[in-house]
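The block underneath contains the structure these notes are about, expressed in structure tokens.
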Protein chains: 2
Amino acid sequence: MGRPPSAKPTSFDIAYLAGVSQPTVSRALRGSKSVSAATRANIERIARELNYTVDKNASSLRSQRTHTLALLFFEDPTPDQSMINPFFLSMLGSITRQCALRGYDLLISFQQMHNDWHVAYQDSHRSDGIILLGYGDYQTYRAKLEHLVDMDTKFVRWGSVSDDSIGLTVGSDNIGAGVQAGEHLVAIGRRAIAFLGDASDHAPEFQDRYTGLCRALAAAGLTADPALQRDAVSSEESGYAAAQALLAGGTSFDAIFAASDLIAIGAMRALTEAGLRLPHDVAIIGFDDIPAASLTSPTLTTVMQDLKGAGELLVDALLARIDGAPVERSVLPTRLIKRQSTAV
Amino acid sequence: MGRPPSAKPTSFDIAYLAGVSQPTVSRALRGSKSVSAATRANIERIARELNYTVDKNASSLRSQRTHTLALLFFEDPTPDQSMINPFFLSMLGSITRQCALRGYDLLISFQQMHNDWHVAYQDSHRSDGIILLGYGDYQTYRAKLEHLVDMDTKFVRWGSVSDDSIGLTVGSDNIGAGVQAGEHLVAIGRRAIAFLGDASDHAPEFQDRYTGLCRALAAAGLTADPALQRDAVSSEESGYAAAQALLAGGTSFDAIFAASDLIAIGAMRALTEAGLRLPHDVAIIGFDDIPAASLTSPTLTTVMQDLKGAGELLVDALLARIDGAPVERSVLPTRLIKRQSTAV
DNA sequence: CACCATAGGGTATACGTATACGCATATTAT
DNA sequence: ATAATATGCGTATACGTATACCCTATGGTG
């Protein structure tokens, strides 16, 4: 039953010193109730003294559970540059923290949307499940998601939570956020409110935000002018271009709701260059509350998402899914951060 | 020798179908030269057809190599909030990319400086090596690094590259960067240049930047006034406080070199509130070129570090260290980005 | 007092791969 | 022609853990 201690301690070494068999060590350390309190205490003491840690590979191989989650970021617009949407980077913190709390490791990878990431982590037994983060063309995305569902891969994604969303989705209450933004702009007396952001089903989250805006306008007896909606992806350049197109459009407006802070920041630059005063001539609201939002001039009113809650919810939902537990779809409330760009 | 194909394909399944033994499959897929070209081609074809992927756990267990690196972020000043220094977050992109390129997975974890991270990944065989990223009190840090060295843990860290630095260190040429900043400020006619950032050996990188500044001043026949150096850690609040202290100090100055952009941004706020005009009254240079640096008013002149190169160098150096190859210490050149805050 | 449940822990083995060896056959040198 | 290599692959086994199964000593139950 025994063999003397060797270089890197194994469960056999512990067993030898404790005068028990290796399986008993395994049981004791894993918390099985079929080992006496005294034996367990003794084993734990020895393990601590030897600085023993369970070999992750052997454990995973045998149990077929890795206790590791994989986080896949993807972005299409950045071919080489390492720019990731700051919003998702911020979420990284809470995700890692939640993983740690649950005793899971986090494997991370950046992917181009067009890559075969949907099959990469498929099954090399690296992780028990996948967290998907990123904006992108939803139609392309959708096909890959369906593939994941077909393969019965455990995953959760951040996005628009609607009835037809594929797989397990967690997201902010984008419609509610749109309503918040719209109500605030109406409250400060604005009537012609533009929306910058793709409102098609290629970008369901943006679409939801626009829907919310329209709903708020309707509630105030106003209607959203389609001429005041301009497509934009989440980048400063795109926001700049969209705002210019809006100005060139001829339809006057006194407020902008941008689907993301990056879009808003680009738009502010275009408006300022056009000689407009913010927020006097045009009030503006962004989305995400990235760090830069409080550094613009004027500082940017924006919708803050619950990052901490998001990370926790993503991880918990995925773990529930892995355990086969029922997991109800849920949305997170947002908060409007009022700054100078809407201060009348 | 054979056994029929089962659920999730293993090397035995491939072997069965190819009419060879399991070890031959392993050899073929790992590129051993002791397997004929024909056999290898056949095995690879079958593997592709079955969508076979090597089981990472079994492979790691047997070979004692995980082909995974662990990235440890740590920050002390943020007890709960998920704020990471934006600079390090940006580096994340190039690190993951380089890992992918080298065929390594990346495990990520955020740690509080005071935690026992130096022993956590010690040896649970999760990763082959560790990348350490983060500022922090160097004296605390140093003790843990020494522990890692004692344990013969393979690691690389980002920091000040000096002769007495512990373990394998990769970093920017901070002294050279300080010289660049100093020369630029002198070139635009500034003579009384303040430095915001801890210049003690608790923060060797900041110390190096200050050393560079002093060197540039000396070269111009000027001397650095110790009264114009104020300690600050890398945060906006700290920069704000340091600038206020500087103003209260009574010694006049016409330029500031801040040890980080966050410090610079905080300082700009303090200066503006004090009624000073930037850059007319005080020119200012930051460090890191975080996204926010181009959004401040005036936009911030700063020192850009080579993030892409940094990520590549960190990974490559660590892999060389793991392979037991000799690895020479090396520093990365920096680039001064001139913006409005030093535009006379 | 025979009977069975339970606690506590040992025995044997599987997880899927990589590698040390050995053994043919084919190739070259002498 | 025979000994010395080399090539290509099979055999056996180890990596370190978790779990199914079995066994023994109790203690309670009728």
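We name chains A, B, ... by the order of the sequence lines, and we start the count at 1 in each one. Excluded from the calculations below are hydrogen atoms, water molecules and symmetry mates; all remaining heavy atoms, backbone and side chain alike, are included. None of the values given here were measured: they were computed from a predicted structure.
For R62(A) and dA14(D), the CZ to C1' distance is 16 Å, given to the nearest whole Å. Residue D13(B) contributes atom CG, which lies 14 Å from atom C1' of dC15(C) at whole-angstrom precision. Counting to the nearest Å, the P atom of dG8(D) and the CG atom of N42(B) are 15 Å from each other. Atom pair N57(A):CG and dT17(C):P shows a separation of 13 Å (rounding to whole Å applied). As rounded to whole Å, 15 Å separates atom P of dT17(C) from atom NE2 of H67(B). What separates OH of Y52(A) from C1' of dG16(D) is a distance of 7 Å, to the nearest Å. Distance, I43(A) CD1 to dT17(D) C1': 14 Å, rounded to whole Å. Distance CZ (R65(A)) to C1' (dT17(D)): 16 Å, rounded to an integer number of Å.
Each of A58(B) and S34(B) lies near DNA chain D, and the nucleotide nearest S34(B) is the one positioned closer to the 5' end. Nearer to the 5' terminus of DNA chain D, by closest-nucleotide assignment, is the contact made by S36(B) (compared with the other of S36(B) and S63(B)). Between L61(B) and P23(B), the residue anchored nearer the 5' end of DNA chain C, judged by the nucleotide with its closest heavy atom, is L61(B).
Scanning both residues, A317(B) and V170(B), for their nearest heavy atoms gives CB-CG2, 4.2 Å. In terms of heavy atoms, L106(B) sits closest to C99(B) at CD1-SG, 3.8 Å.
By the 4.0 Å N-to-carboxylate-O rule, D323(A) lies close enough to R65(A) to be salt-bridged with it. Ion pair D316(B)/R102(B) flagged as a salt bridge, since at least one NZ, NE, NH1 or NH2 atom sits closer than 4.0 Å to an Asp/Glu carboxylate oxygen. Electrostatic pairing of E44(A) and R40(A) does not count as a salt bridge here, judged by no charged N lying under 4.0 Å from a carboxylate O.
Between R30(A) and dA18(D) there is a side-chain polar atom (N or O) within less than 4.0 angstrom of OP1 or OP2. Using a 4.0 Å cut-off, some side-chain N or O of S11(A) falls inside it from OP1 or OP2 of dT17(D). Look at Q22(A) and you won't find any side-chain N or O under 4.0 angstrom from OP1 or OP2 of dA12(C). Side-chain nitrogen and oxygen atoms of Q64(B) include none within less than 4.0 Å of the OP1 or OP2 phosphate oxygen of dT17(C). The phosphate of dG10(C) (OP1 or OP2) has a side-chain N or O of T24(A) nearer than 4.0 angstrom.
Looking at heavy-atom distances under 4.0 Å, S26(A) makes contact with a base. If you check every strand for non-hydrogen atoms under 4.0 Å, R27(A) touches a base. Counting any heavy atom pair closer than 4.0 Å across all strands shown, T39(B) reaches sugar-phosphate atoms only and no base atom. At the heavy-atom level, S59(A) lies under 4.0 Å from the strands shown only through sugar-phosphate atoms.
You'll find the side chain of T66(A) stays beyond 4.5 Å of the side chain of Y104(A), heavy atoms only.
Here the nucleotide nearest the side chain of V20(A), chosen from dG10(C), dG16(C), dT17(D), is dG10(C).
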